[in-house]
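This report concerns only the one structure given below.
To find a chain, count down the sequence lines: A is the first, B the second, and so on, and within it residues start at 1. Because the structure is predicted, anything quoted here is derived from the model rather than measured.
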There are 2 protein chains.
Amino acid sequence: MASAAEAMPDRCADCEIRRVALCGQIDVSALRRLNTLSHTERLRAGSTLLWESESADVVGIVRTGLLKLTASLEDGREQTLGLAFPGDFIGRPFAADMEHSVTAIADSTICTFSRTRFEALAGEVPDLQQALLVRTFKDLDRARRWMLLLGRKSAGERVASLLLETAEANGADPGEPVPLPLSRQQIADVLGLTIETVSRKMHLFARSGVIALPSLRSFTVERPGELARLAA
Amino acid sequence: MASAAEAMPDRCADCEIRRVALCGQIDVSALRRLNTLSHTERLRAGSTLLWESESADVVGIVRTGLLKLTASLEDGREQTLGLAFPGDFIGRPFAADMEHSVTAIADSTICTFSRTRFEALAGEVPDLQQALLVRTFKDLDRARRWMLLLGRKSAGERVASLLLETAEANGADPGEPVPLPLSRQQIADVLGLTIETVSRKMHLFARSGVIALPSLRSFTVERPGELARLAA
DNA sequence: CGAACGATTGAGCTTCGTCAATGTGCGTGG
DNA sequence: CCACGCACATTGACGAAGCTCAATCGTTCG
């Protein structure tokens, strides 16, 4: 298996696929076939892999970095619909047109597949399809949870929710610095706010001692209970 | 096939399942098995089939009526995450806990299955799983499109968007009355607004001649182009 | 007819967006 | 090493959008 990856450095190592994308459920021969279909795509921060309302012929799995899914209105207003971390699946099998753009926030590598070939393989490998279905249900629930935030939470609650979620995703202890992979503008786009409001709320929390802001791209949680209460 | 439905009136007619849920893709024997597993659940408007953050042991397909998916905050604020029309799938195979409630808006009937038995069958019938996957991708894109509305559109744009979408779903011509299945409060919950703001915007549009409001539960589109422009 | 419920309308206020000025960190080139 | 410039972030002043509270209206159902 490793030898295949060495022989074809442009292919994804199948151990990676197995671990990250498919939870070790699919059998080795299908894995081999999946592997020969894959290409590693390198994406610099800021460049876009898939474009809203254009047809896409690739799907993929994020290997490293961070990407955002976004939709825009004609006048330029933009909303981030979700983030894609390593292991997340991107693209739309069984559908030609994208409903959102996929753009790298940090330099990223994506393990890509021809969409039609991936579809064909999925039809032949039920375990692959089931893994994808379970994953898609999770994405759907994540998106819907965010709808509650966008529709009903105040600016302060939104910012607190994001900080809390980021801290938890990092398994950070109180007082320990948590890296913040997003700029203020990107935070605003995720939360449906403006950059100014995000800045004000973060510093409000910092002044009240709930968090600390040691640098622009990190924070610490000083009073976890209070932060959770602020997140509503 | 019809005879099975007659012999067991509590079962869903399989022609219904085939047409509505599975796009005619699954084979007849699997259909039969699916059929013997199904129960028809009748739900009165206002009653809840599945509860947020409780475990659920059923999944199902809406046959008649209309349901809403909702999530709430502790203090009672509620956001509607989506609507389930006839043909829509509800519940979460491969997951025990619900992330949202499912409540009937109108009297409804749902063709339900034991979740675990449905999961087992899905594992055996790849076409069923694929149909479900395609459907789930569509739901995900619908949810994400709504995130753009919740995060970035003004109250007027939200109301116009909902009216436009409702009119289009009904294939209504200009001037023709469109039924509105939601109360003002339910519209507000879908759009992330208050009932007062919804009322004001609707009457604003009516006064300007873009729509007309012949009754509380219907409207007509008088100037489609203008309504589309208002929806942004 | 009256009560109950949902919808409308108005007045005031809060929150958040807008606009503008200022500040801060960082890389580049002198 | 320092100065500069640029991008990003912060802060303040102000206004508008939408929420809250409250009164009224209309409809439906006893």
#### Entry: Short N-O contact, A:R92 and B:D141, less than 4.0 angstrom
yes
### Summary
Computed from five pairs at either end and rounded to 10 degrees, the angle between the axes of the helix from C:dC1-D:dG30 to C:dG30-D:dC1 is 30°
#### Entry: Under 3.5 Å: donor-acceptor pair, side chain of A:Q186, backbone of A:S183
yes
### Task
Could you tell me whether the side chain of A:K153 and the main chain of A:L148 form a donor-acceptor pair under 3.5 Å?
no
### Query
How close or far is atom P of D:dC19 from atom CG of B:D189, stated in whole angstroms?
12 Å
### Task
Name every residue in residues 152-161 of chain A that has at least one heavy atom under 4.0 Å from any atom of DNA chain C, in order of residue number, or write none if there are no such residues.
A:S154, A:A155
### Task
Any chance you could measure A:E52, atom CD, to A:L69, atom CG, to the nearest 0.5 Å?
11.0 Å
### Query
Taking the side chain from B:W146 and the backbone from B:V190, do they hold a donor-acceptor pair closer than 3.5 Å?
yes
### Query
Rounding to a whole Å, what distance do you find between B:R184:CZ and D:dC25:P?
19 Å
#### Entry: Under-4.0 Å salt bridge between B:D107 and B:R44
yes
### Rounded distance in Å - CG (B:L216) to P (D:dT27)
8 Å
### Query
Just by distance, do the side chain of A:T166 and the backbone of A:L164 share a donor-acceptor pair under 3.5 Å?
no
### Query
Taking only residues at least two apart or on different chains, which pairs with a member in residues 219-232 of chain B satisfy side-chain hydrogen bond (donor to acceptor under 3.5 Å, both in side chains)?
B:T220-B:E222, B:E226-B:R229
### Task
Take the protein atom CZ of A:R217 and the nucleotide atom C1' of D:dC8, then report the distance between them rounded to whole Å.
9 Å
### Query
Which two nucleotides bound the region of DNA chain C that has atoms under 4.0 Å from heavy atoms of chain B, read 5' to 3'?
C:dA7 to C:dA11
### Query
In residues 198-211 of chain A, which residues come under 4.0 Å of DNA chain C by heavy atom?
A:R200, A:K201
### Gap between atom CD of B:E157 and atom NZ of B:K201 - 0.5 Å precision
10.0 Å
### Query
Side chains of A:T80 and A:T70: is there a donor and an acceptor less than 3.5 Å apart?
no
### Message
Just by distance, no angles: are the side chains of B:T136 and A:T136 close enough, under 3.5 Å, to form a donor-acceptor pair?
### Response
no
### Query
Atom CD1 of B:I195 and atom P of D:dG18: how far apart are they, to the nearest Å?
17 Å
### Task
Please list all pairs passing the ring pair (Phe, Tyr, Trp, His ring centres under 6.0 Å) test where one or both residues lie in residues 71-101 of chain B, with sequence neighbours left out.
B:F89-B:F118
### Nearest-angstrom distance from the residue atom CD of A:E196 to P of D:dT11
12 Å
### Task
Measure from the side-chain N and O atoms of B:R42 to the backbone N and O of B:T109, and report whether any donor-acceptor pair falls under 3.5 Å.
no
### Message
Rounding to an integer number of Å, can you tell me how far A:L213 CG sits from D:dC8 P?
### Response
19 Å
